[in-house]
Undergrad: 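Mind looking over this structure? Questions follow.
Because the structure is a prediction, the values reported are computed rather than measured.
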Amino acid sequence: MSGTERGAVMTETTNEREAYDPHAVQDRWLPVWDRLDLNRAGLRAGAEKRFVLDMFPYPSGDLHMGHAEAFGIGDVVARYWMRRGYDVMHPIGWDSFGLPAENAAIARGEHPAAWTYANIDVQAESFRRYAVSFDWTRRVHTSDPAYYRWTQWLFLRFLERGLAYRKNSAVNWCPKDQTVLANEQVVAGKCERCGSEVTKRELTQWYFRITEYADRLLDDMKDLEGSWPDRVLLMQKNWIGRSTGAHVDFQVGSRKVTVFTTRPDTLYGATFFVVAADAPLADELCEPSQRAAFEAYRDEVRMLSDIDRQSTDRPKTGVSLGVTAINPLNGEELPVFAADYVLADYGTGAIMAVPAHDQRDLDFARAFDLPVRVVVDTGGEDPTVTGIATPGDGVLVNSGPLDGLTKDAAIPRTIEILQERGTGEGAVNYRLRDWLLSRQRFWGAPIPVVHCEGCGEVPVPDDQLPVVLPSDMKGADLQPKGQSPLASNDDWVNTDCPTCGGPAKRDTDTMDTFVDSSWYFLRYCSPDDDTGPFDPDAVREWMPVAQYVGGVEHAILHLLYSRFFTKVLHDMGLVDFTEPFTALLNQGQVINQGKAMSKSLGNGVDLGGQLASYGVDAIRISIVFAGPPEDDIDWADVSPSGSVKWLARVARLAADVGALPASDARDETVDRATARAIDDVTRLTESHRFNVSIARMMELTNALRKGVDGAAPAAASLRDGVSALATMLSCYAPYTAEEVWSRTGHDVESGDSVHASTWPTADPALLVEETVTCVVQVAGKVRDRLEVPPAIDESTLRELALASEAVVRALNGADVRTVIVRAPKLVNVVPV
RNA sequence: GCCCCCGUCGCGCAACCGGCAGACGCACGGUGCUCAAACCACCGACAGUGUGGGUUCGAAUCCCACCGGGGGCACCA
């Protein structure tokens, strides 16, 4: 709105011109932007391409404060790079398969797609109004057949390479959701999603062989150091849990039992042998005489929840299996026990127990009165006496050929001996398990495999993809029954075997939604490609992602899986990089009154309400100004009205500067303030110090205000200052920035939008101060300040400082020992 | 239990390599504008950096210990 247009309505032209109504500003510019279509990727010929990615949302309802923060931050990065002239791809899509849609469908008697796509529409419109700089032409939804066709296609490639396989084993089962869970989805013994206590079930399930990539997932983390948060790397490292040691074969009766140990050097100190009570091995080794006792113990163990089992300070329990294991080095016979402190699914489920040097083994030995033999002299006190094991370094004793070696020398030596005898070898063991990917639920990508009595497991041929979910199942049809709802749909299940043409049944499980999200970033590069999951040329142009933005909650799951997928695709020759995300930014949470927002606490802050009260820009500014992006924001500490005030100040400033009579008048103070702000905001935005960037822009606003209100406002300097401010602000407060741009004479409707403007540059000459304040200290205390030229040389400055009256007074006649000169900022006179 | 991060005005946060503790905002006090207020503009006060020690000419910044807060891992052989 221009002052002259409305001037007739009110006599107070100035007030009207200065008015700032955030909602009016939004309504004014949003349709113009839609028309100008400013965020399309791939249109800047010759410009370097950059891919900015926000973790795509799950369509669970409308956007909330968490989305506002994450996407607000991602948008600053995307818009900043656009202003800097990069060809930026900033896409959006939806992780739209998953359980909530299914539960909603059951509750409402409809198909999951209805709820899913209705929510997506709501979120998409909210994103549009929130003014995120998405390229809307690249939308993907993982629940679209055009998308999951390629999820299935990728599954088949994994299958061909032996990276997808089916096996029967005890798996995590969520009794509430009626489905299996991956290890990564079990947190402290509970379902990550619904919090139910997870139980175990013996089932045949599909797995991805992620363990085959364990070393590379670990080793390649060195490429991410510095550009990923340390704690994410640490969490992945812990999760993969690589330990090096040896496999050692023990003879138990007629069979060979292998254990994994990280301390083969302590083999002579083994005094007993333990098998996980719930491992099949324990059952197989058990002597008839011990059978009753063993089974009673095992049943007891099975009754325990994982949580109880994992509490560290439980007394050790176990039962003898009535057999002995023969130590391959010294032929000693060790009693074999079943116990629950040994885990069935780590290592081989059996251990050699060295009580002197392992606390857990020592605890067990003391409970069962078993011998303790020290084989490493660590200088520590005797574990037999103290009850404290000595796991440290030292010299080997009581160990035959190993005596006298240090631990570090004894480990390879032991492995050598074992190898010579054919009873063991060096080994690496991981905590990481293969990724269980099948789910007994409906709303996911069907596993594209057919089971034929004659031919067995038959992959669905590529040209028959996608295997589409039936559209006629709704409401009660989807009720969880312990097997996939798809199993009860005969029309869907019964099919012809692609190999022999005979009757066959489709696999009724669907894929974990983490499979969908492990490659969505690739799909954005060529979202409509119907010849493959992605166009390798497009991927070469855009990938890897230059900046990924999302929450830490995905530190392990999504990020590890995506890294795995990328490495597999690299090995297949489909991509030429091995890490998908060059840089990662984990934004903090928005909390309220010290606690995470939750329905049960009733402390939720409604994003829609906040936007209605303060407008989009004020909320975006409030979020980034509240603190460093990775810190949590307590909404109780945030003042959105303060942000509105500043934005209104900026808008008013623009109107006042726009109304100045045109002139070439310049003001060095204003020019210097502008240059300094540009320099700082550039550096700060670059390093994600968004809160400080805003502070610098506020400072510039204050300086420009002074300039306008001064006796002789310098129109040219002020216009340049406001123009620079508008462009910088465009990354943070897109609507207000456009309003400012428009108020200073830009014809936005014709395409001269601030969002098409170029990031300002600071004149280096203006960054050099004419004089700097030099602090003069005596014995470290500030006694005087001198205004000196920045290029002053040390000896001149020293003379000036020593001549200072204040310094002479402070010295009070004392002799000077040294003078430290750091020209031009500081002189420290040190008296004797 | 082990590992990592963080403690700066009343609050949220700044301070490049060790060099004037305070940029910015909120809240607070005052002045102007106003019949009055809101808005707005201007001015202002307020901490010596969790505690104790050390290194240094000089420490919020580096080192050690402790206290407080947050996070990760946790019978992984």
Undergrad: Just compare B:C43, B:G72, B:A74 and give me whichever is closest to any side-chain atom of A:Met235.
TA: B:G72
Undergrad: Taking only the side-chain heavy atoms of A:Asn238 (C-beta and beyond), determine which of B:C57, B:G72, B:C75 contains the nearest atom.
TA: B:G72
Undergrad: Can you tell me how far P of B:C26 sits from CH2 of A:Trp635, to the nearest Å?
TA: 15 Å
Undergrad: Using a 4.0 Å heavy-atom cut-off, does A:Thr818 contact any base of the nucleic acid, only the sugar-phosphate backbone, or nothing at all?
TA: nothing
Undergrad: Using the P atom as the reference point in each nucleotide, state the distance between B:C20 and B:G53 in Å, no decimals.
TA: 23 Å
Undergrad: Could you check how far CH2 of A:Trp646 sits from C1' of B:A27, rounded to whole Å?
TA: 20 Å
Undergrad: Shortest non-hydrogen contact from A:Thr386 to A:Arg366?
TA: C-NH1, 4.5 Å
Undergrad: Please measure how far the P atom in B:U61 lies from the corresponding atom in B:C16, and state the result in whole Å.
TA: 12 Å
Undergrad: Which whole number of Å gives the distance between the C1' atom of B:A59 and that of B:G48?
TA: 12 Å
Undergrad: Are there runs of at least three consecutive Watson-Crick or G-U pairs touching RNA chain B, with each pair's two distances under 3.5 angstrom? Give them by first number.
TA: B:1-7 with B:67-73, B:10-12 with B:24-26, B:28-32 with B:40-44, B:50-54 with B:62-66
Undergrad: Whether A:Asn691 contacts B:A14 is assessed here as follows: a side-chain N or O lying under 4.0 Å from the phosphate OP1 or OP2. Is that the case?
TA: yes
Undergrad: Measuring only the P atom in each nucleotide, how far is B:G12 from B:C3? A whole number of Å is fine.
TA: 29 Å
Undergrad: Which nucleotide wins on minimum distance to the side chain of A:Asp637, given the candidates B:C11, B:C73, B:C26?
TA: B:C11
Undergrad: Between B:C26 and B:C13, how many Å separate the two C1' atoms, rounded to a whole number?
TA: 11 Å
Undergrad: A:Phe625 CZ to B:A14 P: how many Å, rounded?
TA: 10 Å
Undergrad: In whole Å, measure the gap between the C1' atoms of B:G69 and B:G18 for me.
TA: 27 Å
Undergrad: What's the CZ-P distance between A:Phe272 and B:A77, to the nearest Å?
TA: 16 Å
Undergrad: Return the orientation label for the A:Phe368 and A:Phe364 ring planes: parallel under 30°, perpendicular over 60°, tilted otherwise.
TA: parallel
Undergrad: Atom CG of A:Asp632 to atom P of B:G71: distance rounded to whole Å?
TA: 9 Å
Undergrad: On a heavy-atom basis, which atom in A:Thr348 and which in A:Thr258 lie closest, and how many Å separate them?
TA: OG1-O, 2.6 Å
Undergrad: Can you tell whether the side chains of A:Glu794 and A:Arg798 come within less than 4.0 Å, N to carboxylate O?
TA: no
Undergrad: Describe the nucleic acid contact of A:Leu234 in one word from base, sugar-phosphate, nothing, applying a heavy-atom distance below 4.0 Å.
TA: nothing
Undergrad: From the options B:C73, B:C75, B:C57, select the nucleotide whose nearest atom is closest to the side chain of A:Ile556.
TA: B:C73
Undergrad: Go nucleotide by nucleotide along RNA chain B from the 5' end; which of A:Asn702 and A:Lys645 gets its closest nucleotide reached first?
TA: A:Asn702
Undergrad: Syn or anti for B:G70, please, going by whether the chi angle lies within 90° of 0.
TA: anti
Undergrad: Hey, is A:Arg683 close enough to A:Asp680 for a salt bridge, meaning N to O under 4.0 Å?
TA: yes
Undergrad: Can A:Lys316 be said to sit on top of A:Tyr341's aromatic six-ring, NZ or CZ under 6.0 Å from centre and within 45° of the ring axis?
TA: yes
Undergrad: Check this for me: A:Arg242, atom CZ, are more than 12 non-hydrogen atoms of other residues, nucleotides or ligands nearer than 6.0 Å?
TA: yes
Undergrad: Take the protein atom CG of A:Asp230 and the nucleotide atom C1' of B:C5, then report the distance between them rounded to whole Å.
TA: 10 Å
Undergrad: Can you measure A:His688 atom NE2 to B:A14 atom P for me and round it to whole angstrom units?
TA: 15 Å
Undergrad: Can B:C63 be described as syn, meaning its chi torsion is within 90° of 0, or is it anti?
TA: anti
Undergrad: Less than 4.0 Å between a side-chain N and a carboxylate O, is that true for A:Arg705 and A:Asp656?
TA: yes
Undergrad: Pick the C1' atom in B:G58 and in B:A74, then give their distance to the nearest Å.
TA: 44 Å
Undergrad: May I ask you to decide whether A:Arg696 forms a salt bridge with A:Glu699, counting only side-chain N to carboxylate O separations under 4.0 Å?
TA: yes
Undergrad: Go along nucleotides 15-21 of chain B 5' to 3' and tag each nucleotide: B for a protein heavy atom under 4.0 Å from its base, S when only backbone or sugar atoms are that close, - otherwise.
TA: S---BB-
Undergrad: Hey, which of these two, A:Ile351 or A:Ala695, hits RNA chain B nearer its 5' end, going by closest nucleotide?
TA: A:Ala695
Undergrad: Rounded to whole Å, please give me the gap between CD in A:Glu630 and P in B:G72.
TA: 17 Å
Undergrad: In whole Å, what separates the C1' atom of B:G7 from that of B:C66?
TA: 14 Å
Undergrad: Would you mind reporting whether A:Leu334 and A:Phe250 have side-chain heavy atoms less than 4.5 Å apart?
TA: yes
Undergrad: Side-chain contact test, heavy atoms from C-beta onward, threshold under 4.5 Å: evaluate it for A:Val722 versus A:Leu704 and give yes or no.
TA: yes
Undergrad: Closer than 3.5 angstrom, by distance alone: can the side chain of A:Arg783 be matched with the main-chain N or O of A:Glu805 as a donor-acceptor pair?
TA: no
Undergrad: Using only side-chain N and O atoms of A:Ser243, determine if any of them is under 4.0 Å from OP1 or OP2 of B:A77.
TA: yes
